[in-house]
Amino acid sequence: MSRNSTASLFAPEIVGPAVTASFKKLDPRALIKNPVMFAVWVVALLTTIIFVRDVASGGAELGFSFQIVLWLWFTLLFANFAEAVAEGRGKAQADSLRKVRSETEANLLTADGSIERLAGASLKVGDVVVVEAGEIIPADGEVIEGMASVNEAAITGESAPVIRESGGDRSAVTGGTQVLSDMIKVRVTAAAGSTFLDRMISLVEGAQRQKTPNEIALTILLAGMTLIFIFAVASIPSFVAYAGGQIGVIVLVALFVTLIPTTIGALLSAIGIAGMDRLVRFNVLAMSGRAVEAAGDVDTLLLDKTGTITLGNRQASEMIPVSGVTEQELADAAQIASLADETPEGRSIVVLAKERYGIRERDMASLKATFVPFTAQTRMSGVDMDASSVRKGAVDAVLRHVAEPAASAAYGSRVARAFSVGADAKAEQDVRSIAERVSKAGGTPLAVARDGRLLGVVHLKDIVKGGIRERFAELRRMGIRTVMITGDNPMTAAAIAAEAGVDDFLAEATPEDKLKLIRDEQAKGKLVAMCGDGTNDAPALAQADVGVAMNTGTVAAREAGNMVDLDSDPTKLIEIVEIGKQLLMTRGSLTTFSIANDVAKYFAIIPAMFAAVYPQLGALNVMGLSTPQSAILSAIVFNALIIVALIPLALKGVTYRAIGAGPLLRRNLAVYGLGGLIAPFIGIKLIDVVITTIGLA
Amino acid sequence: MTLNGWLQIAIYFAVLTALAAPLGRFMARTFDGERTFLTPVLGPIERGFYRVAGVDERTEQSWTGYAVAMLVFNAAGFFLLYAILRLQDVLPLNPQGMSALSPELAFNTAVSFATNTNWQNYGGESTLSYFSQMVGLTTQNFVSAATGVALLLAIIRGFARASAKTVGNFWVDMTRTTLYVLLPLSILLGLFLVWQGVPQNMAAYVDATTLEGAKQTISQGPAASQIAIKQLGTNGGGFWNANSAVPYENPTPLSNFVEMLAILLIPAALCVTFGRMVKDERQGWAIYAAMSVVFLACVAVSYWAEGSGNPLLHALGLSGGAMEGKEVRFGIANSSLWSVATTAASNGSVNAMHDSLTPLAGLMPILLMQLSEVIFGGVGSGLYGMLLYVIVAVFVAGLMVGRTPEYLGKKIEGREVKFALLGILVLPLFILGFMSIATVAPFGLSSVQDAGPHGFSEIMYLYSSSVGNNGSAFAGFTGNTPWYNITGGVSMLVGRYFMIIPVMAIAGALVAKKTAPASAGTFPTHGGLFVGLLVGVVIIVGGLTFFPALALGPIVEHLAMLAGQTF
């Protein structure tokens, strides 16, 4: 299943149901949440009644009235259609999700240790279930025993299986995913109906959609503007009466509907749904719309160094021998020490030795070597061979190792050693100074010793991801400060920070440090975003304004964050911020456009409306619209069609450009503000030409 | 139109700007309680007032406490003035033996002065005693202006402070505004006016025999002191009925220039004060620039329309600009400038009859009042009204940079938008609401002097002026009727307090918020872009509501005039 493909905006399978839904949504109980469209509904109903009465009593200008009434309902239907299309796109995703959630059976582990089979839907929080290879995990939960490979394609779209095991940071499992191997015991953490999958479905469907704070504020603004125009229009009959004329309700309604911000009113909820949808397409699941908005406001981004800024693993980049030792010699020893070392660092030493020094890979067995694995106590690894030993590891650990008499005694080199005390001291000094140099450059020094003799240092380098520097520069232009979080010492951290181009770093960071950093930033009035996966990240994730939990992470982390990244890719924070900004921008741009439209509509309708009492006002008919009727009709047709024309923009969103707020505002004001002033003059004129040509008015 | 006329307008604006900066900075220091050159003299007096009144100047109030103090104080001022007007026949200093005012006229006048509107349904020299003018009206001239400044200070502190609970102390802000700003400036201006020939005495009216042998009564009184504050405090209620067109109120071209400066001086300077108090003077200048753009555009239209004159008269062989209703002493440029300045600010004093302005020149004052007096506007009230528009502008456009909108580091959210709209909504509701009754009801139409669109404009002018708390009138219109006294009074109250309460609520909401530091992602609110945006929002949100009404009034009248049609 792939949810990343961008379905065509108006695919028939979406448009079909959306048309039906447009009519269903005419229900006033649904419309009342949207004050602008509700006002349109009320006046549409009113004019329909008046029209029916006029037909019955044989009133004048029935054709004109009929067209106005028709277009009023079209305005409403177009608005509903916009919302329905947005929802339809979400539903299409939800349906594919739902297929996954086919009825599962669960093996419940009862108190007496026996297994009871029951429907997955009847599981409660706290129940423990056993899932074996080939079975579907019945509910969200935490692995409490065992380890298994799990296929999470249903959620992430990624077909490579992932490992889930008890303890550690990879213990969360999601209902609907399939265990491929082994057996695990899972404690259920979400009851049926509130699982991850359920939440995801309801979010993309828009069923649980609550208005976000910014949406509420905008709705208030739109309701206020609607009220203002009620006053403006309702007072007109008196004014016309003063001038000795009278004016029909249908014309007043036409003016009213064109003046109130119907464009943004019609598209507002579609914009919100589309924003959530964009996020889900990006494989990020937001727990609320509020979180998406907050993402647009983020001032400070906390990024873990490993995996986000640097490739996860350090790689050997250089061999630096002490004086009197050749690089070749050092490389040879380092390679032997790493032959059995399966860590990425170890592999990278073997690769470097081969590529730069031409040392071919050797076989451990033919060397009769035994591997000495890394332990937390020794902080070294290496190999022991018949007459020799090689060690590599943390500089101080290796220095301690060579200082021990036993290290060399066992191999009969005590005599040689006795002669070279001076040389040893020199080598030790060399290693220390090389190590410091490496650290300063942001690398990790790995000392290498053979038979108790220091040979030199392997420079393990953190490889900064390609293009990350440009991304940070882009963030800086957005006004977002990046802070790198790392467990490295300050010296190493500073070097990597400089190389990656982050604004600041937090070295030797503990979870408490992270939490404190977030609180400090927030105290300065900033909004902070971070991502994390471990249980110890949970407090910081909860404290951050935008906390993105990795899907591979623990249940605690997932609960604490307000977004979950299904791909577990920390760099996505940057895209999340852009999506948040895009959502707000789209709302602002369409609001501006909608309000700016009013100027042209006034110039179309006012001269037409007052033509009978004051023909002089014809001078305001700058568009040269042919008749009063065609002018009013053109305005209302334009008002309805512009909704349809802007649906693609509402769904796709206004493109965000990281060019700084000033230039961005200038650009958007030019396009949507100035464009909003000018476009309706052209549009209304064109519609007038068409209407007049085909003789509608 | 003459080059001389344009030059006078340019000089006026240059001098205004030059004076606004130092006065604005002085006020910022004063309101922050810092020492200024006046502190040695006025400091002891200020502290004396607090001791007598039992006010602790260091205790501050929450927005509700501040608002209640303001309302109580204003109510007391209203009742005191009402009592004085109703009892003026038995009170002292009444050499002409003026009788007491009728209840509805006293109500209208008391409301009008308490709300800083100063609508003149009374005729100064023919209705009021010296006691009523000095103790009643002049007092309100000071304190209603000071109230406006105090309210402005509350909302400025809302922006300037972070995570706080209090917005200041109303009594302290009132006292400082009156004592350090209004009083010294009024004394200076009063002395200047006396030098120019404005009377300042308690004498009875003087009878003179004119050259034709007719008897003329020349009224006297303590005029200079009252005229000074009526100009400075954007009050506008004249000592005489014909206001600053009377030679005694405005004797010379120089007095005219200085009085015009006094109209806009404090409102303009408060922009600078605002910038200073929010620690970024550029923010204040941006608002000043937005106000100036609209102001100068209106002056230009007005002067162009007046200078071009009336084609109907040209056809009769009368060339030149429109001189009807103008003092020959001042001419067209100075009358146009005054008419725009006095309605941009909520002053309302006049030096020419606005009723006689050509239709487009008459449109400018009406539009400025309908924009809710935010182009400089009333002392304090103009700027806090403008801040409501700023909130709307920032909210709409701020979204376009992809962030929750912010202004001066404060996030603009639902609550602020709600109250800002409430404050802006009240104006069209009452202006258009009362208009739609008055334009059809006999009791409304009976006061109208002229037929056709001009009569319509007269009604529109009255309610725009009342709700906007301006106080000027299209002369010719009979405002002193029960219907207009009462609806006018209600309009003034609504226009003042229904805007103040939302402003205070916003101040309270803002002051509690954190201040977010500016970054490259926050859009700058001190550049030309923001100025243009603000102007656009003021015109579209504030002005478009009235477009149908304006089309049926001045606009159609203008088009009819061009077509040679009369009504």
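So you know, we letter chains A, B, ... as the sequences are listed, proteins then strands, and number each from 1. These figures come from a predicted structure and were not determined experimentally.
- Contacts between B/Val448 and chain A at a heavy-atom distance below 4.5 Å involve the side chain alone, from C-beta outward.
- The two residues A/Gly588 and B/Leu399 come nearest to each other via the heavy atoms CA-CB, 3.5 Å.
- Within the 4.5 angstrom heavy-atom criterion, atoms from both the backbone and the side chain of A/Phe239 approach chain B.
- No part of A/Val654 comes within reach of chain B, as not one of its non-hydrogen atoms sits under 4.5 angstrom from that chain.
- When all heavy atoms of B/Gly414 and A/Ile220 are compared, the closest pair comes out as O-CD1, 3.8 Å.
- In this structure, B/Leu421 CG and A/Ile228 CD1 are separated by 6.0 Å, a value rounded to the nearest 0.5 Å.
- With a 4.5 Å cut-off on side-chain heavy atoms, B/Phe395 and A/Leu218 count as touching.
- B/Thr439 approaches A/Ser238 most closely through the heavy-atom pair OG1-CB, 3.7 Å.
- Using a 4.5 Å cut-off on side-chain heavy atoms (C-beta onward), A/Gln616 and B/Ile555 make no contact.
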Decide side chain to side chain donor-acceptor pair (under 3.5 Å) for B/Thr404 and A/Asn214; before the verdict, give the C-alpha distance in whole Å, the side-chain angles of both, and the deciding distance to 0.1 Å.
-> CA-CA 7 Å; B/Thr404 301; A/Asn214 176 262; 5.2 Å; no
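- Checking side-chain atoms of B/Ser436 against main-chain N and O of A/Ser235 turns up no donor-acceptor pair under 3.5 Å.
- By number of non-hydrogen pairs under 4.5 angstrom with chain A, the leading residue of B/Pro524, B/Gly433, B/Ala551 is B/Ala551.
- Annotation: the span from A/Ile230 atom CD1 to B/Thr545 atom OG1 amounts to 12.5 Å, rounded to 0.5 Å.
- The choice from B/Leu445, B/Leu422, B/Val440 that makes the most heavy-atom pairs within less than 4.5 Å of chain A is B/Val440.
- For the options B/Val541, B/Leu552, B/Leu432, B/Leu529, heavy-atom pairs under 4.5 Å to chain A are most numerous at B/Leu552.
- Contact detail for A/Asp299 and B/Arg403: the closest heavy-atom pair is OD1-NH2, 3.0 Å.
- Although no hydrogens or angles enter the test, the distance criterion places a donor-acceptor pair under 3.5 Å between the side chain of A/Tyr242 and the main chain of B/Phe456.
- Options B/Gly536, B/Gly398, B/Pro517, B/Ala549 differ in how many heavy-atom pairs under 4.5 Å they form with chain A, and the most are formed by B/Pro517.
- In this structure, B/Phe546 has its ring center at least 6.0 angstrom away from the ring center of A/Phe231.
- Heavy atoms closer than 4.5 Å to chain A are found in both the backbone and the side chain of B/Val556.
- Rounded to the nearest 0.5 Å, atoms CG (A/Asp598) and CZ (B/Phe547) are 11.5 Å apart.
- Environment of CZ in A/Phe681: crowded, with over 12 heavy atoms of neighbouring residues, nucleotides or ligands closer than 6.0 Å.
- Of the two parts of A/Arg476, only the backbone, made up of N, CA, C and O, holds a non-hydrogen atom closer than 4.5 Å to a non-hydrogen atom of chain B.
- Here A/Leu665 is the residue among A/Leu665, A/Asn668, A/Thr591 with the most heavy-atom pairs under 4.5 Å with chain B.
- The main-chain N or O of B/Leu544 is found under 3.5 Å from a side-chain atom of A/Tyr602 such that the two form a donor-acceptor pair.
- Considering CG of B/Leu559 and CG of A/Leu620, their distance stands at 6.0 Å, rounded to 0.5 Å.
- Most heavy-atom pairs under 4.5 Å with chain A: of the set B/Pro548, B/Gly527, B/Ala420, B/Ala516, this distinction falls to B/Pro548.
- No donor-acceptor pair closer than 3.5 Å links the side chain of A/Lys581 to the backbone N or O of B/Met400.
- Residue A/Arg666 touches chain B through both its backbone and its side chain, counting heavy-atom pairs closer than 4.5 Å.
- With values rounded to the nearest 0.5 angstrom, A/Leu221 atom CG is found 12.0 Å from B/Ile391 atom CD1.
- Top candidate by heavy-atom pairs under 4.5 Å with chain A, chosen from B/Ala563, B/Gly532, B/Pro405, B/Gly455, is B/Gly455.
- Using a 4.5 Å cut-off between heavy atoms, B/Lys513 makes no contact with chain A at all.
- B/Leu425 and A/Gly224 get closest at one heavy-atom pair: CD2-O, 3.8 Å.
- Between B/Glu413 and A/Ala217, the shortest heavy-atom distance links the atoms C-CB, 3.9 Å.
- Between A/Ile216 and B/Lys418, every side-chain heavy-atom pair lies at or beyond the 4.5 Å cut-off.
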